[in-house]
Amino acid sequence: MRSFVLLLLVVVTALAASCQRYVAPPVATIDGLADGQLSDPAAPLVIDFSKPIDPSTLSVKVILFDPNAEGQLADETGDPTVSLNPLFAYDPVDGDSGGTGVLDPTNTIYTITPLARLPVGPTLAVLIEPGLTDAAHDPTATTEIRKRLIFSYSFTCDGTGTKVLTSGAYFFLLDVVDPIGTQIKIFADLDVDAASGRFVGQFTFAARLTDPTRCSPACTNGDVCQTLPGPPMCVVPSTRAGTPAEWPDFYANPTPPVGFSFTVNGCAEDEPGGSATFATEPANMVVEQPPVSVNGLVVTASFAPDSMGDLVATGGVTGDDIVFGTSSLGAGHGTVAAQSIPASQAPSIPTPPPASGDM
């Protein structure tokens with residue numbers, strides 16, 4: 001009988017250990033974020049935690065968010081010589097760099113005051129490194145992966161003009177993350193007034209080239225040939241583009257029901273360091289097939305020349321209301337990547353009407 005009781009105690013103890021209560025790790029969010037954007041780049045950046053944290057486990061960075069085609073950041077590729085070059089960083093060993101960070105007495109609010117204003121236009125991210133734990137040191141309440149909090153700043157144009165952004169053809173990738181994950185590919189013809197920075201653009205659906213013989217052997221079963229980044233391979237027409245440099249695999253299709261084209265107005269303004277902030281006024285994008293519309297679409301980005309002289313950009317996209325069929329899915333937001341296309345290589349893109357209005 002005694003051996004049975006001992007066995008029963010062992011089983012109960014084992015079951016109790018296996019049924020250990022799960023406690024979630026602290027969750028970080030950016031205070032004041034609305035549809036992926038903040039309004040004031042001069043204000044401190046405030047990170048809220050869902051519960052008190054152990055300050056000795058906090059390691060945080062603010063970076064320009066520029067992942068590769070696989071979604072990896074520069075220090076996630078396995079190359080130990082590459083750095084993220086953070087705009088701000090803090091860890092318990094090295095302390096602050098690029099500004100100051102202060103955790104409030106409740107250990108739930110972390111306020112970052114950068115030495116310089118964070119840039120307006122490009123996509124940014126707060127990185128919370130793994131190992132963050134709550135103040136109670138619950139066994140399960142430790143983060144195991146890097147957390148990315150992606151954001152950008154909204155932009156209002158002062159009309160000071162631009163020498164960086166020029167008229168011509170561009171390719172945009174709008175990677176929507178909410179309310180549904182999708183990628184909108186757009187060719188744009190921009191007509192820019194350098195003196196004021198005002199522009200008018202025609203945004204047109206970019207569809208994959210359908211000639212199956214661009215691959216060898218030729219694609220079948222409705223697949224199309226993707227030649228970039230290489231080697232050529234057959235893919236379904238809806239396959240996402242990895243980077244804007246893949247624009248040669250696409251053509252402008254303004255023809256409904258699948259194609260669309262709409263006019264945007266906006267403004268660009270040169271910034272210190274050789275970049276230009278770009279923002280569109282709210283516009284409506286309507287697609288017949290599938291029946292999707294984005295009302296109040298706004299694109300904000302930062303353009304700068306790369307080593308080849310092409311203009312490249314990252315930024316954010318927001319929409320006031322995403323409608324599928326007759327159902328409203330609510331506001332949407334995501335990230336933007338774009339680049340200019342040399343005039344000698346530009347595909348045929350519908351041209352915009354004359355510019356009008358003030359921003």
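The basis for the numbers below is simple: all heavy atoms, side chains too, and nothing from hydrogens, waters or symmetry mates. Since the structure is predicted, the reported quantities are computational estimates derived from the model, not experimental observations.
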Any pair counted as salt bridge (Lys or Arg N to Asp or Glu O under 4.0 Å), so long as it reaches residues 28-57, sequence neighbours left out: Lys51-Asp134
For Phe88, give me all partners under ring-ring contact (aromatic ring centres under 6.0 Å, His included), at least two apart in sequence or on another chain. none
Tell me which pairs pass side chain to side chain donor-acceptor pair (under 3.5 Å) where either residue lies in residues 91-101, with sequence neighbours left out. none
Are any non-hydrogen side-chain atoms of Ser238 and Arg208 less than 4.5 angstrom apart? no
Return each pair, listed once, that meets salt bridge (Lys or Arg N to Asp or Glu O under 4.0 Å) where at least one residue sits in residues 249-268; pairs must be two or more places apart or across chains. Arg214-Asp249
Show every ring pair (Phe, Tyr, Trp, His ring centres under 6.0 Å) that has at least one partner inside residues 284-327, sequence neighbours left out. Tyr170-Phe303, Phe278-Phe303
Which hydrophobic side chains are connected to Leu127, either touching it within the sub-4.5 Å cutoff or through other members that do? Ile63, Phe65, Leu73, Leu84, Ile150
Results of salt bridge (Lys or Arg N to Asp or Glu O under 4.0 Å) for Arg240 - residues two or more places apart only: Asp175
Tell me the side chain to side chain donor-acceptor pair (under 3.5 Å) pairs involving residues 73-83, sequence neighbours left out? Asp75-Arg146, Glu76-Arg146, Glu76-Arg148, Asp79-Thr81
Tracing side-chain contacts under 4.5 Å among Ile, Leu, Val, Met, Phe, Trp and Tyr outward from Val224 reaches Met233, Val235
For the cysteine pair Cys234/Cys219, does the gap between the two SG atoms stay under 2.5 Å? yes
Run the side chain to side chain contact (heavy atoms under 4.5 Å, CB included) test against Ala346 and tell me which residues pass, sequence neighbours left out. Ala169, Ile341
Under 4.5 Å side-chain heavy-atom separation, chaining through any Ile, Leu, Val, Met, Phe, Trp or Tyr, what else clusters with Val286? Say none if it is isolated. none
Sequence neighbours excluded - salt bridge (Lys or Arg N to Asp or Glu O under 4.0 Å) pairs with any residue from residues 55-73: Lys61-Glu129
